[in-house]
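Attaching a single structure in structure tokens format; questions to follow.
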Amino acid sequence: MYELSEILALAEKDGYCIPAFNVYNMETARGVINAAEEMRSPVILQLYSRLVTSGVAFDVAPIVKDMANRAKVPVCFHLDHGAGESEVVRSLAMGMTGIMIDASSEELEKNIEITSSIVKKCSYLGVSVEGELGHIGKAVDGAEQVVTEYTRPDEAKYYVEKTGVKALAVMVGTAHGRYKKAPVLDIERIKEIKKLTNIPLVLHGGSGVPDDQIKMAIEAGIRKMNFSTDLCYSFLDACRARDKNVVGIDLFMTEPIKAVEDFAKSKIEILGAKNRV
């Protein structure tokens with residue numbers, strides 16, 4: 001497996017973006033790996049922090065880790081939106097090679113304090129940390145965000161210098177979930193943050209962002225883009241459409257796995273990650 005900084009360095013070197021897919025079980029992970037191998041793309045498989053908190057990750061993580069180790073392409077196994085130190089420690093024990101700590105709802109100095117502590121702990125195992133500055137809300141609340149919630153370039157520079165994070169999730173117009181209307185990304189803000197921080201930037205809430213804006217964001221400095229909601233829908237819609245006469249669960253799951261694979265392939269193509277390995 002690749003460590004977070006290692007896999008992001010591939011994208012930084014050649015100016016593309018690593019797709020990061022949230023997976024929830026063996027089938028969603030298999031669909032993503034199949035897509036990455038067919039498209040010869042590096043990929044990040046993520047577990048949302050809730051799975052670690054609830055204990056689901058204790059069952060899922062060994063499967064994802066094994067798939068990542070056997071994959072024919074570079075794979076990073078990442079914690080998404082780490083809720084706190086306990087989730088981070090558990091994730092490291094499960095073999096994750098990338099960690100995100102999300103203290104973005106805190107004031108700047110408190111965010112820095114929490115993030116710095118996690119960076120230090122992860123450094124003992126040689127694992128890089130993704131931080132977040134600027135709170136990324138939920139699309140169900142409306143795609144429009146007030147500018148004061150966006151990541152400020154000057155604060156981003158200060159935050160990166162103080163924490164030592166190796167990747168920064170920024171708020172530039174996206175949200176989590178399905179949008180009521182397509183978001184409009186602040187591309188100039190991405191460019192300025194990239195110029196001041198000089199580290200890989202991360203875009204959360206990639207589901208539903210128009211392709212043209214995705215491409216502009218990558219040109220501006222986005223090197224990791226997260227997809228969760230649309231991957232879930234691709235899997236669930238395929239399950240709901242499945243013939244009820246198919247009883248063998250392994251046979252039943254072939255089409256949902258293929259749906260996830262097709263979704264992942266479409267995003268790999270848009271992000272410019274195809275044929276990179």
Side-chain angles (χ1 to χ4, degrees), residues 4-5 8 12 17 20 44 46 48-50 52-53 78-89 91-92 96 98-124 127-177 183-206 209 217 220-226 228:
L4 179 63
S5 286
L8 292 179
E12 193 82 298
C17 186
I44 296 172
Q46 306 185 150
Y48 188 60
S49 189
R50 180 183 68 244
V52 179
T53 305
H78 190 65
L79 172 66
D80 185 32
H81 286 286
E85 183 177 329
S86 63
E87 285 80 6
V88 169
V89 171
S91 298
L92 291 170
M96 295 193 196
I99 293 293
M100 181 195 181
I101 182 66
D102 182 2
S104 62
S105 61
E106 303 285 352
E107 295 295 327
L108 177 60
E109 293 299 335
K110 185 64 174 179
N111 186 347
I112 289 173
E113 178 187 338
I114 293 170
T115 303
S116 298
S117 174
I118 296 301
V119 168
K120 183 177 181 179
K121 289 178 172 63
C122 290
S123 70
Y124 297 140
V127 174
S128 299
V129 174
E130 171 190 343
E132 181 174 327
L133 187 62
H135 189 59
I136 299 169
K138 297 180 180 179
V140 70
D141 298 326
E144 306 86 352
Q145 301 287 334
V146 293
V147 174
T148 53
E149 293 180 351
Y150 283 24
T151 305
R152 288 177 47 182
D154 59 331
E155 289 187 349
K157 182 177 185 294
Y158 177 68
Y159 175 86
V160 169
E161 290 173 348
K162 290 293 185 179
T163 61
V165 294
K166 299 302 182 183
L168 178 64
V170 292
M171 174 54 196
V172 291
T174 55
H176 296 120
V184 178
L185 304 186
D186 190 338
I187 302 299
E188 292 305 314
R189 187 180 297 267
I190 298 173
K191 291 179 181 178
E192 184 64 16
I193 295 171
K194 178 66 175 179
K195 179 182 177 182
L196 292 176
T197 62
N198 196 34
I199 66 170
L201 301 182
V202 182
L203 190 69
H204 287 235
V209 177
I222 297 295
R223 295 293 173 258
K224 172 178 179 277
M225 194 172 299
N226 292 9
S228 177

Looking at every non-hydrogen atom in both residues, tell me the closest pair between Ala156 and Leu168 and how far apart they are.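 Closest pair (atom of Ala156, atom of Leu168, distance): CB-CD2, 3.9 Å.
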Would you say the side-chain atoms of Thr151 pair up with the backbone N or O of Met171, donor to acceptor, closer than 3.5 Å?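 At least one qualifying donor-acceptor pair exists.
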Mind checking salt bridge (Lys or Arg N to Asp or Glu O under 4.0 Å) for Lys194 and listing every partner two or more places apart, or none if nothing turns up?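 Only Glu12 meet the salt bridge (Lys or Arg N to Asp or Glu O under 4.0 Å) criterion with Lys194.
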About how many Å separate CG of Leu203 and SG of Cys17, when rounded to the nearest 0.5 Å?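 So the SG of Cys17 and the CG of Leu203 are separated by 8.0 Å.
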Taking only residues two or more places apart in sequence or in another chain, which ones pass salt bridge (Lys or Arg N to Asp or Glu O under 4.0 Å) with Glu106?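 Partners of Glu106 under the salt bridge (Lys or Arg N to Asp or Glu O under 4.0 Å) test: none.
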Interatomic distance, Ile101 atom CD1 to Glu87 atom CD [nearest 0.5 angstrom]: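 Here the rounded value is 8.0 Å.
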Quick check for you: to the nearest 0.5 Å, what is the distance between Glu85 atom CD and Ile118 atom CD1?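 That separation rounds to 5.0 Å.
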Could you measure the distance from the CD atom of Gln46 to the CD atom of Glu130? Nearest 0.5 Å is fine.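 If we round to the nearest 0.5 Å, Gln46:CD and Glu130:CD are 7.0 Å apart.
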Taking all non-hydrogen atoms of both residues into account, name the closest pair between Leu79 and Ser49 and its distance.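 Looking at all heavy atoms of both residues, the closest pair is CD1-CA, 3.9 Å.
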Side chain to side chain, Asp80 and Met100, heavy atoms closer than 4.5 Å: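 They are in contact (side-chain heavy atoms under 4.5 Å apart), so the answer is yes.
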Mind checking salt bridge (Lys or Arg N to Asp or Glu O under 4.0 Å) for Glu109 and listing every partner two or more places apart, or none if nothing turns up?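 With neighbours one apart ignored, the set is empty.
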Pairwise salt bridge (charged side-chain N to carboxylate O under 4.0 Å, His left out) hits with a residue in residues 196-205, at least two apart: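 Not a single pair qualifies under salt bridge (charged side-chain N to carboxylate O under 4.0 Å, His left out).
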Which residues pass the side-chain contact (heavy atoms from CB on, under 4.5 Å) test with Leu196, not counting sequence neighbours?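 So Leu196 forms a side-chain contact (heavy atoms from CB on, under 4.5 Å) with Pro153, Lys157, Glu192.
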Closest heavy-atom pair and its distance - Ile190, Gly221: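 Distance-wise, the nearest heavy atoms are CG2-N, 4.2 Å.
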Beyond-backbone contact of Lys166 with Leu4, side-chain heavy atoms, under 4.5 angstrom: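 A side-chain contact is absent here, since even the closest heavy-atom pair is not under 4.5 Å.
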For the residue pair Ser5 / Ser128, report whether a side-chain donor-acceptor contact shorter than 3.5 Å exists.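 On atom types as modelled, these side chains qualify, holding a pair under 3.5 Å.
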Backbone of Glu132 reached by a side-chain donor or acceptor of Ser104 within 3.5 Å: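 No, because the side chain of Ser104 does not come within donor-acceptor range (under 3.5 Å) of the backbone of Glu132.
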Could you check Val165 against Val119 for side-chain contact (heavy atoms from CB on, under 4.5 Å), going step by step and ending with a plain yes or no? CA-CA 7 Å; Val165 294; Val119 168; 4.0 Å; yes
Tyr158 side chain reached by Ile112 side chain, heavy atoms, under 4.5 Å: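 In short, these two side chains touch, coming nearer than 4.5 Å.
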Got a second to check how far Leu8's CG is from Ile44's CD1, nearest 0.5 Å?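 If we round to the nearest 0.5 Å, Leu8:CG and Ile44:CD1 are 5.0 Å apart.
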Under the rule for salt bridge (Lys or Arg N to Asp or Glu O under 4.0 Å), what residues qualify as partners of Lys120, not counting sequence neighbours?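 With sequence neighbours excluded, Lys120 shows a salt bridge (Lys or Arg N to Asp or Glu O under 4.0 Å) to no residue whatsoever.
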Once rounded to the nearest 0.5 Å, what's the spacing between atom CG of Leu108 and atom CD of Glu113?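 Those atoms lie 11.5 Å apart.
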